[in-house]
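Sending over a structure as structure tokens; questions will come in a sec.
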Amino acid sequence: MPAASAAKPRPLQGIDRVAALLMAMGTPAANRVMKHFEADEIRLITRSIASLKPVSTAQIESLVEDFASNFAGGANLVGTVADVEQLLQGVLPPEQIADIMNDIMGAANQSIWDRISTVNENVLATYVAKEHPQTAALMLSKVKPACAAKVLSFIPEDKRNGIMRRMLTFKPIVDATMQVIERTVHEDFMMNFSRNAGADPHARMADIINKMDRDAMETVLASLASTRPKSAEILKGLLFTFDDIVKLTPRARTALFDQVPTDKLVLALKGTDPEFREIILQSLGARVRRMVEQEMAGSEPAPAKDVMEARRTVTDLALDMAGRGEIEISSGTEEDAYVR
């Protein structure tokens, strides 16, 4: 901070320390580091960068001592939204950058109920069922209707009917009281949910590895197998890759590919062997199959990066659908298929 300033620099805590260090690295080095973060972690870091207060050289030097040993110099930093966008260039595809930027600029306006509406309905139903019916009714009257409908379907009929009757007879709640309720729900449910969601290190690691390309995935698993073979075996059972799509039941594959855009599917199938491709094509309706086959026959080779991105889109969708209980990714035949 400037020498003339009398204000003492605000101590950096938690994610702010990471944000300051990344900014001090500069864009090229920060890009390389951020490629190893998950999307949720990138969101947290970028939000911190966007609101980062001035950071002194002394603070940067202290951070460097904590995080690494080979760093020289420092800088006074003030984070802006523009800094976020610059750091993400080359790390993520443009549409994902746009999504994160929209999230940063709109996060402050997103209510606790919007965030709760994105939680797995089964998890939310378990929490709501343990609450007083009046509390449960309030929560379900605030979340999105589609979320409330799914949550209610998991609750026993006698309790469900009581909750819905209470939802019909609510009286207006003053703002001050609602703020206390929202703060309590945030602390009691959302924060505990976030902690519990990451409680299983194997599940969290599997989620990270699922986001890697195949070469990186195999390297990580080989390394783990040599040092922690039991953990490596557990992780293998939790992973789901593009190759594993042929292990889904025919019904699950059909449900999955009903939601995959044709252009993404054409890209994802490029370079696959005929046996694998035929299994996928059998999951499509006759008209869609003809379209895909025609596009594949007449299209030019695509960059490997675009192909891998399309396959990642398909597998991410499968994992999302499995998380919502729409498909089961651990069942089906054990056909062998290897993407070339």
Side-chain angles (χ1 to χ4, degrees), residues 22 26-43 45-46 84-103 206-223 239-248 253 256-284 287-321 329 336-340:
L22 285 170
T27 301
N31 282 351
R32 291 195 296 271
V33 172
M34 291 182 74
K35 288 178 181 178
H36 297 281
F37 290 122
E38 287 186 270
D40 288 346
E41 293 168 334
I42 291 176
R43 288 182 187 277
I45 294 167
T46 51
V84 173
E85 192 164 11
Q86 184 179 14
L87 276 176
L88 294 179
Q89 295 296 333
V91 179
L92 299 173
E95 59 271 18
Q96 194 170 351
I97 294 176
D99 181 48
I100 288 176
M101 297 306 296
N102 289 336
D103 181 72
D207 189 44
I208 294 172
I209 297 175
N210 266 324
K211 304 296 183 184
M212 297 178 175
D213 59 43
R214 172 160 287 279
D215 290 342
M217 179 185 293
E218 291 177 350
T219 299
V220 169
L221 289 175
S223 175
L239 296 177
F240 182 81
T241 69
F242 188 70
D243 292 0
D244 294 323
I245 287 172
V246 295
K247 299 177 184 177
L248 299 177
R253 284 199 298 269
L256 171 62
F257 289 111
D258 278 348
Q259 299 190 36
V260 177
T262 302
D263 59 334
K264 289 289 186 185
L265 178 54
V266 170
L267 264 177
L269 290 177
K270 286 183 180 292
T272 55
D273 64 31
E275 183 182 357
F276 180 95
R277 192 158 54 246
E278 179 59 27
I279 292 171
I280 302 303
L281 292 173
Q282 288 174 3
S283 306
L284 310 178
R287 185 180 65 84
V288 176
R289 174 170 181 160
R290 285 196 301 272
M291 291 173 57
V292 171
E293 289 177 326
Q294 288 172 2
E295 288 203 31
M296 291 191 68
S299 62
E300 298 293 328
K305 180 181 177 182
D306 293 345
V307 173
M308 293 308 299
E309 183 181 332
R311 292 176 184 173
R312 180 69 51 76
T313 298
V314 176
T315 54
D316 284 351
L317 176 59
L319 290 166
D320 288 344
M321 292 176 69
I329 63 174
D336 291 326
Y338 298 92
V339 180
R340 307 299 182 189

Mind checking side-chain hydrogen bond (donor to acceptor under 3.5 Å, both in side chains) for Asp316 and listing every partner two or more places apart, or none if nothing turns up? Lys211
Measure the shortest side-chain to side-chain distance between Val292 and Ile280 over non-hydrogen atoms and say whether it is less than 4.5 angstrom. no
Interatomic spacing from CD in Glu295 to CG in Leu265 - rounded to 0.5 Å: 9.5 Å
Spatial distance of atom CD (Glu309) from atom CZ (Arg312) [nearest 0.5 Å]: 9.0 Å
Rounded to the nearest 0.5 Å, how far does CG of Leu248 lie from CZ of Phe240? 4.5 Å
Looking only at heavy atoms, the pair that brings Arg253 and Ile245 closest together is CD-O, 3.3 Å
Partners passing side-chain hydrogen bond (donor to acceptor under 3.5 Å, both in side chains) against Glu293 (at least two apart in sequence or in another chain): Arg289
Value for CG (Leu269) from NZ (Lys264), rounded to nearest 0.5 Å, stands at 13.5 Å
Only counting residues at least two apart or in another chain, list the ones meeting side-chain hydrogen bond (donor to acceptor under 3.5 Å, both in side chains) with Gln282. Glu278
Matching residue for Phe257 among Val288, Val314, Thr262 - test: side chain to side chain contact (heavy atoms under 4.5 Å, CB included): Val314
Would you name the heavy atoms of Ala268 and Ala310 that are closest together and state the gap between them? N-CB, 3.7 Å
Given 3.5 Å as the limit, does a donor-acceptor pair link the side chain of Asp244 with the main chain of Lys247, or not? no
Are side-chain heavy atoms of Leu317 and Leu256 found at a separation under 4.5 Å? yes
Just so I know, are the side chains of Arg311 and Thr272 near enough to count as touching, which here means a heavy-atom distance under 4.5 Å? yes
